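Because the structure is a prediction, the values reported are computed rather than measured.
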Amino acid sequence: MSRHWLLKSEPEAFSWTEQQARGVEPWTGVRNHLAKQHLRAMRLGDLAFFYHSNTGREIVGIVEVVREAYPDPTAESGDWVCVDVRARQTLPRPVTLAAIKADPALAGMALLRQSRLSVSPVTAAEWAHLCALGGLP
DNA sequence: GCCAACGTTGGC
DNA sequence: GCCAACGTTGGC
């Protein structure tokens, strides 16, 4: 039973296009304790939405966790972790933040309740709903 | 331990 | 560019 997540990235810093080009990419730079807990809870094979924050404000793709939490090499202290993710697929239709906010079925999403959290959990129901909105079978 | 000041995130 | 949310820092 794999769990589901949502990862935020500003496209100016690291975009979905770059993720696709790189294949496997370490998800580094998380410096928030709750986000760190979520990184540590990720398991091989878990899937995560790739969300463009700030510019775009939409879910654009899906990545798969291919390496579980290990020390973030970009952290000065050893206190932070990262995971490796691989691009899996692009959503046929990006799901915008506006669409998420307008949908009562998604009102409980951590994305909406904690706007500054860069790594957040997604429930199975939310995942299925978002996939449908994104044009996946 | 409280809280004001400050910095960062991220939507608008 | 503005500002709300919220985490961190530092004086007391």
* Asked: After noting the C-alpha distance and the side-chain angles of A:E10 and A:T55, does the key distance pass the side-chain hydrogen bond (donor to acceptor under 3.5 Å, both in side chains) rule?
  -> CA-CA 7 Å; A:E10 294 188 36; A:T55 304; over 6 Å; no

Would you mind reading off the distance between [X] atom [atom1] and [N] atom [atom2], rounded to a whole angstrom?
X	N	atom1	atom2	answer
A:L112	B:dG11	CG	P	10 Å
A:Q114	C:dA5	CD	P	14 Å
A:R57	B:dC12	CZ	P	6 Å
A:I100	B:dG10	CD1	C1'	14 Å
A:N32	B:dG10	CG	C1'	14 Å

* Any pair with a residue in residues 82-100 of chain A that passes side chain to side chain donor-acceptor pair (under 3.5 Å), sequence neighbours left out, goes on the list, sorted by first then second residue, please. =>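 Checked against side chain to side chain donor-acceptor pair (under 3.5 Å) - neighbours excluded - the pairs reaching residues 82-100 of chain A are A:W16-A:T90, A:Q20-A:T90, A:E64-A:R88, A:Y70-A:D84.
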
* Examine distances only and state if a side-chain atom of A:H38 and a backbone atom of A:V119 form a donor-acceptor pair shorter than 3.5 Å. =>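 Side chain of A:H38 to backbone of A:V119: a pair is present.
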
Can you name the atoms? Protein N/O to nucleotides 6-9 of chain B N/O, anything below 3.5 Å, with the distance.
residue, atom, partner, partner atom, Å
B:dT8, O2, A:R116, NH2, 3.1

* What pairs of residues pass the salt bridge (charged side-chain N to carboxylate O under 4.0 Å, His left out) test when at least one of them lies in residues 22-45 of chain A, not counting sequence neighbours? ->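 As it turns out, the salt bridge (charged side-chain N to carboxylate O under 4.0 Å, His left out) pairs with a partner in residues 22-45 of chain A, which skip direct neighbours, are A:R22-A:E25, A:R31-A:D72, A:R43-A:E68.
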
* Kindly work out whether a path of hydrophobic side-chain contacts (I/L/V/M/F/W/Y, heavy atoms less than 4.5 Å apart) joins A:M42 to A:V30. =>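 In one cluster: yes.
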
* **Worked verdict on A:D103 versus A:H129 for side-chain hydrogen bond (donor to acceptor under 3.5 Å, both in side chains)** => CA-CA 10 Å; A:D103 194 326; A:H129 197 83; 2.6 Å; yes

